[in-house]
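Structure first, commentary second.
Along the sequence shown, the residues carry numbers beginning at 1. Since we're looking at a predicted model, the values are computed, not measured.
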Amino acid sequence: MKLTSILASAAAVGLSAIGMAGAQQTQPACSSIYTRKELLSLTSSEWSLIRSIVAAMQRDGWFPWFAYLHNQWFGSIHGNSQFFPFHRRFVYEWERVGKMYNAGFFQPYWDEMRDYRVPASSQVLTSNWVGGNGQGANRCVTNGNQAGWTMTYPNSHCFSRNFGNNGNPSSWYSPETINSFIQRDTTMTQFRPDIEYTLHGVVHINIGGDMLQGYSPNDWIFMLHHANLDRLWWQWQQNGRLWTMDGPNAGGGTVSLTTNIAYFNEPVRNVMQLGYGSMCYQYASNPLSRRALDSSMDERLAVALPKDVLAEWFPDTAKSEIANITDSVVNSINAVAASVSQAVSQITDFVEAQPFKVIPYPARLTDGWIKMHKYNPAEVRKTEQRSRDLIDVLNKAKYRSPY
């Protein structure tokens, strides 16, 4: 059996988000869908358009407006289940304003996990894209699409960044860690802190400057970052959790599909399913019609990890045809011995040819960040430790990450 056949079969049984609408969906289906792309995949013409519109939005005062809005509602949209619905609606609102300048505008995302080992070396953080660390005493950014900008909220100041760890940010969260969250978590009560206390926080902290404040939308990286987090939420939703919404609300009570999104005063239900209502977009890596598969990662995990460990940390991968290719044919081993040997050898040789590199522990949230958000410190440290436990498992197994 060829790897291409395995992957095609796995994709075919992926859950269709559109097919799960049922009685939950009250919004009309979109007549057309646009695609949010990863920043580095943009064509030169796409980047030129987006860059010019972002500059126009700064000129016309939209940056301070979104920074103000996020800052004013800060306490209501972090540390509770408003986190994902609010930021989906917030990034969409930003995108809607951009489309007023040109209908071809869309908000790209930054797949930060692929840069997790050495974030400062990312192409995204270069002069051709969003620029790098700030300079001088005030940490003013001098390159990239926001070079030399003066921000007006909450006061007049140069647009700033102050990378963590003295300009060389510590490692972020690996794709494997985030993939494990997406596979293991079955409730928003689990998934929200697993993302908010990890990838969400370490990117904000390690970019620093304006990104470290309640008015973080001053930095366009905010929109790139939260579009990526929205993409991860959508991937999690496509895993059979399209309408899953639970967990605490700001000020008490719980968040449900009928709860109003902070500030926007429309029900959470309205933003749950991409392709309906106002959410007329999809992600390049996660089309509306199927759940995305990371075949390269799944192959390596299936080879490296014992089945019980795989089932604990990556239950979807454990159930996939990639993981079970040997088991699926072992009962007819005499008839298909050659096929089994070839398929298993093909996967194993492919994986083991890659060098083993230790997956580093990610940066922790700072005490100041935890206090600013009024998080429960014990819950944050428990979430961080679970991530480190997974890294220990992967390194012990000499798992060969493709990233």
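- For the residue pair Gly275 and Ile33, the shortest heavy atom distance occurs at CA-CD1, 3.7 Å.
- The shortest distance between side-chain heavy atoms of Trp233 and Met272 falls below 4.5 Å.
- Here the CE-CZ distance, from Met223 to Arg36, works out to 10.0 Å after rounding to the nearest 0.5 Å.
- Residues Trp220 and Pro108 approach most closely at CZ2-CD, 3.9 Å, considering heavy atoms.
- Of all non-hydrogen atoms in His70 and Pro217, the two that sit nearest each other are CB-CG, 3.6 Å.
- The backbone N or O of Gly98 sits nowhere less than 3.5 Å from a side-chain atom of Asn102 that would complete a donor-acceptor pair.
- Separation of atoms CD (Gln135) and SG (Cys158) is listed at 11.0 Å; rounding is to 0.5 Å.
- With respect to the salt-bridge test (charged N to carboxylate O, under 4.0 angstrom), the residues Asp194 and Arg386 qualify.
- Here the straight-line distance linking atom CG of Leu42 with atom CG of Leu49 works out to 10.0 Å at 0.5 Å rounding.
- With salt bridges taken as basic N to acidic carboxylate O contacts below 4.0 Å, one links Arg96 and Glu93.
- Between atom CG of residue Asn179 and atom OG1 of residue Thr317 there is a gap of 5.5 Å, rounded to the nearest 0.5 Å.
- Counting only N and O atoms by type, the side chains of Tyr109 and Asp230 include no donor and acceptor under 3.5 Å apart.
- Between Tyr281 and Tyr283, the two ring planes are perpendicular [angle over 60°; tilted spans 30° to 60°].
- Taking the ring centre of Phe314 as origin, the terminal cationic atom of Lys319 falls outside the region bounded by 6.0 Å and 45° from the ring axis.
- Between the side chains of Ser48 and Ser45, not a single donor N or O lies within less than 3.5 Å of an accepting N or O.
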Next item on the list: For side chain to side chain contact (heavy atoms under 4.5 Å, CB included), just list the numbers for Trp369 and Leu212, CA-CA rounded to whole Å, side-chain angles, deciding distance to a tenth of an Å, and then say yes or no.
Entry: CA-CA 8 Å; Trp369 184 261; Leu212 194 58; 3.8 Å; yes
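- Among the candidates Asp210, Asp219, Asn133, the single residue satisfying the side-chain hydrogen bond (donor to acceptor under 3.5 Å, both in side chains) test with Arg161 is Asp219.
- In this model, no donor atom of one side chain and acceptor atom of the other lie less than 3.5 Å apart for Gln235 and Asn239.
- Listed here is the closest heavy atom pair of Pro169 and Ala120: CD-CB, 3.8 Å.
- Between Leu365 and Glu384, the shortest heavy-atom distance links the atoms N-OE2, 2.8 Å.
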Margin query: Under the criterion ring pair (Phe, Tyr, Trp, His ring centres under 6.0 Å), I'd like the reasoning laid out for Phe90 against Phe66: C-alpha separation, chi angles, the key distance, then a yes or no.
Written below: CA-CA 8 Å; Phe90 187 75; Phe66 280 90; 5.3 Å; yes
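- The structure places OG of Ser121 at 6.5 Å from CG of Asp115, a figure rounded to the nearest 0.5 Å.
- Between Ser401 and Ser174, the closest side-chain pair of non-hydrogen atoms is not below 4.5 Å.
- Annotation: cation-pi pair Arg388/Tyr361 present, NZ/CZ under 6.0 Å from the ring centroid and within 45° of its normal.
- Residues Phe105 and Trp94 are in side-chain contact: their nearest non-hydrogen atoms beyond the backbone lie under 4.5 Å apart.
- Here the side chains of Ile391 and Pro362 are in contact, with some heavy-atom distance below 4.5 Å.
- Ring centers of Trp129 and Trp47: under 6.0 Å apart, within the cut-off.
- Looking only at distances, no side-chain donor or acceptor of Gln27 sits under 3.5 Å from a matching main-chain atom of Arg269.
- Gln282 places none of its side-chain heavy atoms less than 4.5 Å from the side chain of Leu274.
- Judged purely by atom type and a 3.5 angstrom limit, Asp246 uses its side chain to pair as donor or acceptor with the backbone of Met188.
- The closest donor-acceptor contact from the side chain of Arg400 to the backbone of Arg300 lies at 3.5 Å or more, if one exists at all.
- Taking the six-membered ring for Trp, Phe86 and Phe264 have ring centres closer than 6.0 Å.
- Checked against a 6.0 Å centroid threshold, the rings of Phe63 and Trp149 count as neighbours.
- Here the side chain of Asn218 pairs a donor or acceptor atom with the backbone of Tyr153 at under 3.5 angstrom.
- For Tyr375 and His78, the ring centers sit 6.0 Å or farther from each other.
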Margin query: Walk me through whether Leu310 and Leu301 qualify under side chain to side chain contact (heavy atoms under 4.5 Å, CB included).
Written below: CA-CA 7 Å; Leu310 190 69; Leu301 291 169; 3.9 Å; yes
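- Taking the side chain as every heavy atom from C-beta outward, Pro306 and Val309 approach each other to under 4.5 Å.
- His200 contributes atom NE2, which lies 9.0 Å from atom CZ of Phe84 (distance to the nearest 0.5 angstrom).
- Glu176 and Tyr399 share a donor-acceptor pair across their side chains, judged by distance under 3.5 Å alone.
- Scored by the side chain to side chain contact (heavy atoms under 4.5 Å, CB included) test, Gln123 finds Leu40 as partners (sequence neighbours excluded).
- In this structure a side-chain-to-backbone donor-acceptor pair under 3.5 Å is present from Gln190 to Thr186.
- The shortest side-chain heavy-atom distance between Met245 and Ser256 does not fall under the 4.5 Å cut-off.
- For the pair Pro267/Asn260, a side-chain contact is recorded, criterion being any heavy-atom separation below 4.5 Å from C-beta on.
- Shown here for Met113 and Leu199, the closest heavy-atom pair between the two residues is SD-CD2, 3.6 Å.
- Side chains of Asn228 and Glu112: a donor-acceptor N/O pair is present below 3.5 angstrom, by distance only.
- A donor-acceptor pair under 3.5 Å is formed between the side chain of Gln82 and the backbone N or O of Ala262.
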Next item on the list: Starting from the C-alpha separation in whole Å, work towards a yes-or-no answer on ring pair (Phe, Tyr, Trp, His ring centres under 6.0 Å) for Tyr116 and Tyr173.
Entry: CA-CA 6 Å; Tyr116 84 99; Tyr173 283 80; 9.2 Å; no
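- Counting only distance, with no hydrogens or angles, the side chain of Glu95 and the backbone of Phe106 share no donor-acceptor pair below 3.5 Å.
- Between His87 and His226, the ring-plane angle classifies as parallel under the 30° and 60° cut-offs.
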Notebook entry, point to check: Stepwise, does the ring pair (Phe, Tyr, Trp, His ring centres under 6.0 Å) test hold for Trp110 with Trp172?
Noted result: CA-CA 13 Å; Trp110 174 16; Trp172 292 343; 5.5 Å; yes
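- When atom types are taken as modelled, the side chain of Gln146 and the backbone of Val141 share no donor-acceptor pair closer than 3.5 angstrom.
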Note to self: side chain to side chain contact (heavy atoms under 4.5 Å, CB included), that's the test. Do Met151 and Ser156 meet it? Break it down for me.
What the structure shows: CA-CA 6 Å; Met151 313 311 293; Ser156 180; over 6 Å; no
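- No donor-acceptor pair under 3.5 Å is formed between the side chain of Thr35 and the backbone N or O of Lys37.
- Note on Arg114 versus Asp111: salt bridge recorded, some NZ/NE/NH1/NH2 to OD/OE distance being below 4.0 Å.
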Note to self: Please evaluate residues Gln273 and Gln25 with respect to the criterion side chain to side chain contact (heavy atoms under 4.5 Å, CB included), reporting the C-alpha separation (whole Å), side-chain torsions for both, the decisive distance (0.1 Å), and the verdict.
What the structure shows: CA-CA 8 Å; Gln273 187 173 15; Gln25 184 53 260; 2.7 Å; yes
